[in-house]
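Quick caveat: nothing in here was measured; it's all calculated off a predicted structure.
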Amino acid sequence: MAGRVPSLLVLLLVFPGSCLAFRSPLSVFKRFKETTRPFSNECLGTTRPVIPIDSSDFALDIRMPGVIPKQSDTYFCMSMRLPVDEEAFVIDFKPRASMDTVHHMLLFGCNMPSSTGSYWFCDEGTCTDKANILYAWARNAPPTRLPKGVGFRVGGETGSKYFVLQVHYGDISAFRDNHKDCSGVSLHLTRLPQPLIAGMYLMMSVDTVIPAGEKVVNSDISCHYKNYPMHVFAYRVHTHHLGKVVSGYRVRNGQWTLIGRQSPQLPQAFYPVEHPVDVSFGDLLAARCVFTGEGRTEATHIGGTSSDEMCNLYIMYYMEAKHAVSFMTCTQNVAPDTFRTIPPEANIPIPVKSDMVMMHEHHKETEYKDKIPLLQQPKREEEEVLDQGDFYSLLSKLLGEREDVVHVHKYNPTEKAESESDLVAEIANVVQKKDLGRSDAREGAEHERGNAILVRDRIHKFHRLVSTLRPPESRVSSLQQPLPGEGTWEPEHTGDFHMEEALDWPGVYSLPGQVSGVALDPKNNLVIFHRGDHVWDGNSFDRKFVYQQIGLGPIEEDTILVIDPNNAAVLQSSGKNLFYLPHGLSIDKDGNYWVTDVALHQVFKLDPNNKEGPILILGRSMQPGSDQNHFCQPTDVAVDPGTGAIYVSDGYCNSRIVQFSPSGEFITQWGEESSGSSPLPGQFTVPHSLALVPHLGQLCVADRENGRIQCFKTDTKEFVREIKHSSFGRNVFAISYIPGLLFAVNGKPHFGDQEPVQGFVMNFSSGEIIDIFKPVRKHFDMPHDIVASEDGTVYLGDAHTNTVWKFTLTEKVEHRSVKKAGIEVQEIKDSEHKLETSSGRVLGRFRGKGSGGLNLGNFFASRKGYSRKGFDRLSTEGSDQEKEEDDGSESEEEYSAPLPAPAPSSS
């Protein structure tokens, strides 16, 4: 019966006077009436709850006011009134908690909290009116930032006037020293109206029973959606110890579309959806939690204590502002028969490495008790360092168990406002080989020698930690460096970059035909090459690559559009009645257009100011071939600005790069078809895009179906290096170079693959990925070409969504982040502290990826139990080569490309 009472209380979460916890009856009469908040030294930063940022933005620090829970499974609540009366928007959340002390936190928005006290037991309720969940955190989940242009609306006539923070203290053993807890969350708010309003859709079970010893128990939830369209961009799963996997879907016309699937034993963050999902009126939302009752001696019910269970799926969405609804719930299963056709993946637990399982409150779990002796086995010193749970524990270990550092950051691991400078100084001492904060330094050669050994050892450990824990996205899995003496004038970029969609650019809504090519002219205008009313599908070519739809005639509209980069106005257009299936586009230093047509099997040079037709044509019209005078579906052109040499990637049915003189005379060719699953240098499977690096004398090729980039010397055609990352997946569609940086975009993953379709920014010298990016408006379906300007503006054209996006490159932003499907995983604040030797020479900075120096961002993101890789497990279905089974009208762009053999997994 004790488990059933909490199951009823959970229902009250969305109703007035709700609470989430179950406590003894005596605790209900307890209430805290303090009118002022007592702050201890452990509550650094909480004395300024409102922090101005600029004229429109401010931050709120919502914290527990120094509480000491006296028994396990205590739920404390506290409230804070919105400091402005006008409408505001929450655009960023940063948790200030550690799972050492906090089981989970929820942040609600409402008009009146259940108490006016400094804090209170949540048994008394959270709000007297309807409580809307704004944020949820558990298991050391990293910070979450909303996509640009999206915010939770608060204040004004319709928004919440109060924030109510609920903190669940599951295991209070950490409070044996009677320290006061100040866990909470920091919010970034803006007064600037947001075009898209965020909301939360909570799916939760209220009646699941998990029989003792039962191996597999499914808990299903489903509701029909009956509101204006919502666009899902993130999800979070939540169970306790018995949960194995939680999956959520949109079901439309019998088709199941995945919203999110994750192990609840991983950090319970808001993960980006695998593919943007829109939910419309009449759709069914369905979720399944898979539990096991093994190890339990009695049935487990839904409830609020750690020995109970929960089955929750939080869906974060946005809607147009005029139709926005801030909070919706589903607690029923209105369509149980539908689950007969649920995808099999929903029944398969996600494997979790033992070192990533967030073990918490194990003193309450008999299944964990037996493991405690094993966990307490002595470890070697290096194992002890590598196995610490959070960033500051690692630093504390590195700094020699400094008690002040350990104490402050054990209970406030993300609180660094007043201690960051000390840490920076001490780490600087490590780098400079000075003593680590010892106040009892003594003179003498023996002592100095001991210090040197100590420092050397700790430096070794620190660099081992960084190299061991660095996330896989920052590694070049296959990269052959240039020979000594080469590439010496290549600018060095350190990773202080971040790509964001330019949301004020209206060009995203211009819908030409299939966008096959994008380029920039000498005036920095955007030029688009599109297919008008023609499409490339399974009927376009026969087995010999001869175009089969010549009867349609050439495209009767202008296929080349010159676009104003600021307002997306069409400045000029051309290319009418010339092309059948446009593909590649590049522009030389004189402003001439170089285009390819895969139906004509030709390359054209066009003068944009000459209306009389092409000034140079390479290849034979409608004649595929592989000799010096023929192409077979050529893909792209690059023209050397110094020599005028013409390079053509050829193509879908040839696997070569062909060089011509400036006048169009054949010079040479190189490359061959790939053989086997491990292609050699110089082998290609669809060389799809070219990028010249003139000052290094290199030509880089997007080897599309081999999922890599190959670079060659333009004079000798000698292979220089390969750039290949596991996050590319199987395809690299297009590349673009500006001094120091290489931009790329991959393709939709094959069935069963996990790598998402996204854009990449790489340090050209090292090949290291320093940022990834996706759009906020619409989504990548088959991004086909990319071009970057030297000011960091990037344009990307998609051949399936007929869309061109504009992205801007920001350098040295205040908070570094890695974009994941519209969500930013925040890294440690970029520090401008320089590490200098006694002579003043700069040894390095705290920088992001690509610097080669101390990378605290990666170090923090790689702490045990949190891997940035968890945010990379995004996938989409289908590929540009395979017709979508659920949509017969989907074009088969690049259909004639051969299907690649399954590639081996890459690290």
Which distance, rounded to the nearest 0.5 Å, do you find between the [atom1] of [X] and the [atom2] of [Y]?
{"X": "Asn524", "Y": "Ser789", "atom1": "CG", "atom2": "OG", "value": "5.0 Å"}
{"X": "Trp805", "Y": "Leu503", "atom1": "CH2", "atom2": "CG", "value": "13.0 Å"}
{"X": "Asp785", "Y": "Asp636", "atom1": "CG", "atom2": "CG", "value": "6.5 Å"}
{"X": "Ile735", "Y": "Met762", "atom1": "CD1", "atom2": "CE", "value": "8.0 Å"}
{"X": "Leu187", "Y": "Ile91", "atom1": "CG", "atom2": "CD1", "value": "10.5 Å"}
{"X": "Ile197", "Y": "Lys322", "atom1": "CD1", "atom2": "NZ", "value": "13.0 Å"}

TODO: Please report the C-alpha distance between Tyr271 and Gln262 in whole Å, then the side-chain angles of each, then the deciding distance to 0.1 Å, and finally whether the side-chain contact (heavy atoms from CB on, under 4.5 Å) criterion is met.
DONE: CA-CA 9 Å; Tyr271 289 85; Gln262 188 56 277; 3.7 Å; yes

Under 4.5 Å between any side-chain heavy atoms of [X] and [Y], yes or no?
{"X": "Ile133", "Y": "Leu202", "value": "yes"}
{"X": "Val185", "Y": "Tyr135", "value": "yes"}
{"X": "Ile560", "Y": "Val527", "value": "yes"}
{"X": "Val154", "Y": "Leu189", "value": "yes"}
{"X": "Ile528", "Y": "Tyr795", "value": "no"}
{"X": "Leu526", "Y": "Val518", "value": "yes"}

Centre-to-centre under 6.0 Å for [X] and [Y], is that the case here?
{"X": "Phe773", "Y": "Phe807", "answer": "yes"}
{"X": "Tyr737", "Y": "Phe764", "answer": "yes"}
{"X": "Phe728", "Y": "Phe760", "answer": "yes"}
{"X": "Trp137", "Y": "Phe93", "answer": "no"}
{"X": "His583", "Y": "His784", "answer": "yes"}

For the side chain of [X] and the backbone of [Y], is there at least one donor-acceptor N/O pair under 3.5 Å apart?
{"X": "Thr685", "Y": "Asn706", "result": "no"}
{"X": "Thr596", "Y": "Gly584", "result": "yes"}
{"X": "Tyr318", "Y": "Gly199", "result": "no"}
{"X": "Ser573", "Y": "Asp558", "result": "no"}
{"X": "Asn132", "Y": "Phe327", "result": "no"}
{"X": "Asp753", "Y": "Glu755", "result": "no"}
{"X": "Lys778", "Y": "Val508", "result": "yes"}
{"X": "His530", "Y": "Val515", "result": "no"}
{"X": "Asn731", "Y": "Gly707", "result": "no"}
{"X": "Asp771", "Y": "Val761", "result": "no"}

Open item on the list: side-chain hydrogen bond (donor to acceptor under 3.5 Å, both in side chains), that's the test. Do Arg250 and Thr257 meet it? Break it down for me.
Closed with: CA-CA 5 Å; Arg250 180 203 69 191; Thr257 300; 3.1 Å; yes

- [ ] Determine the interplanar angle of the Tyr652 and Trp536 rings, folded into 0 to 90°, and report it as parallel if under 30°, tilted if 30 to 60°, perpendicular if over 60°.
- [x]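 The arrangement is perpendicular - the two ring planes meet at more than 60°.
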
TODO: Kindly assign one of parallel, tilted or perpendicular to the pair Trp256 and Tyr249, based on the angle between their ring planes and the thresholds 30° and 60°.
DONE: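 Trp256 vs Tyr249 ring planes: perpendicular.
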
Is [X] salt-bridged to [Y], cutoff N-O under 4.0 Å?
{"X": "Arg730", "Y": "Glu705", "result": "no"}
{"X": "Asp278", "Y": "Arg252", "result": "yes"}
{"X": "Glu87", "Y": "Arg153", "result": "yes"}

Task: Over-ring placement of Arg704 relative to Phe733, 6.0 Å and 45° cut-offs - done: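 Yes, Arg704 and Phe733 form such a contact.
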
Task: Phe233/Leu146 under side-chain contact (heavy atoms from CB on, under 4.5 Å): CA gap, chis, key distance, verdict - done: CA-CA 9 Å; Phe233 64 89; Leu146 303 182; 4.0 Å; yes

Which atom of [X] lies closest to which atom of [Y], heavy atoms considered:
{"X": "Pro506", "Y": "Ala568", "value": "CG-CB, 4.0 Å"}
{"X": "Pro687", "Y": "Gly651", "value": "CD-O, 3.3 Å"}
{"X": "Glu557", "Y": "Asp533", "value": "OE2-N, 3.7 Å"}

Task: Test side-chain hydrogen bond (donor to acceptor under 3.5 Å, both in side chains) applied to Ser540 - qualifying residues, sequence neighbours left out - done: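 Partners of Ser540 under the side-chain hydrogen bond (donor to acceptor under 3.5 Å, both in side chains) test: Asp537.
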
Open item on the list: Around atom CG of Asn253, are there more than 12 heavy atoms from other residues, nucleotides or ligands closer than 6.0 Å?
Closed with: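 Atom CG in Asn253 is not crowded, with 12 or fewer foreign heavy atoms closer than 6.0 Å.
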
- [ ] Tell me yes or no: between the side chains of Asp57 and His188, is some donor less than 3.5 Å from an acceptor?
- [x]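 Yes - a donor-acceptor pair under 3.5 Å links their side chains.
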
Open item on the list: Is there a side-chain hydrogen bond (donor to acceptor under 3.5 Å, both in side chains) between Asp703 and Gln710? Walk through the geometry before answering.
Closed with: CA-CA 7 Å; Asp703 187 4; Gln710 298 189 67; 3.2 Å; yes

Task: With Lys774, the side-chain contact (heavy atoms from CB on, under 4.5 Å) member among Pro756, Pro276, Pro147 - done: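 Option passing the side-chain contact (heavy atoms from CB on, under 4.5 Å) with Lys774: Pro756.
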
Task: side-chain contact (heavy atoms from CB on, under 4.5 Å) partner of Trp505, the single match among Asn566, Val804, Thr808, Thr793 - done: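 Answer after filtering Asn566, Val804, Thr808, Thr793: Val804.
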
Open item on the list: Would Thr803 and Asp798 count as a side-chain hydrogen bond (donor to acceptor under 3.5 Å, both in side chains) here? Give the steps.
Closed with: CA-CA 5 Å; Thr803 302; Asp798 193 299; over 6 Å; no

TODO: Take Leu285 and Tyr201 through the side-chain contact (heavy atoms from CB on, under 4.5 Å) test and state the conclusion after the steps.
DONE: CA-CA 10 Å; Leu285 289 170; Tyr201 192 108; 3.6 Å; yes

- [ ] Begin with the C-alpha distance, continue with both residues' side-chain angles, and end with the deciding distance and a verdict on side-chain contact (heavy atoms from CB on, under 4.5 Å) for Glu501 and Leu796.
- [x] CA-CA 10 Å; Glu501 181 187 350; Leu796 198 149; over 6 Å; no

- [ ] Any chance you could lay out the side-chain hydrogen bond (donor to acceptor under 3.5 Å, both in side chains) test for Thr635 and Ser649, step after step, and finish with the verdict?
- [x] CA-CA 6 Å; Thr635 55; Ser649 50; 2.6 Å; yes

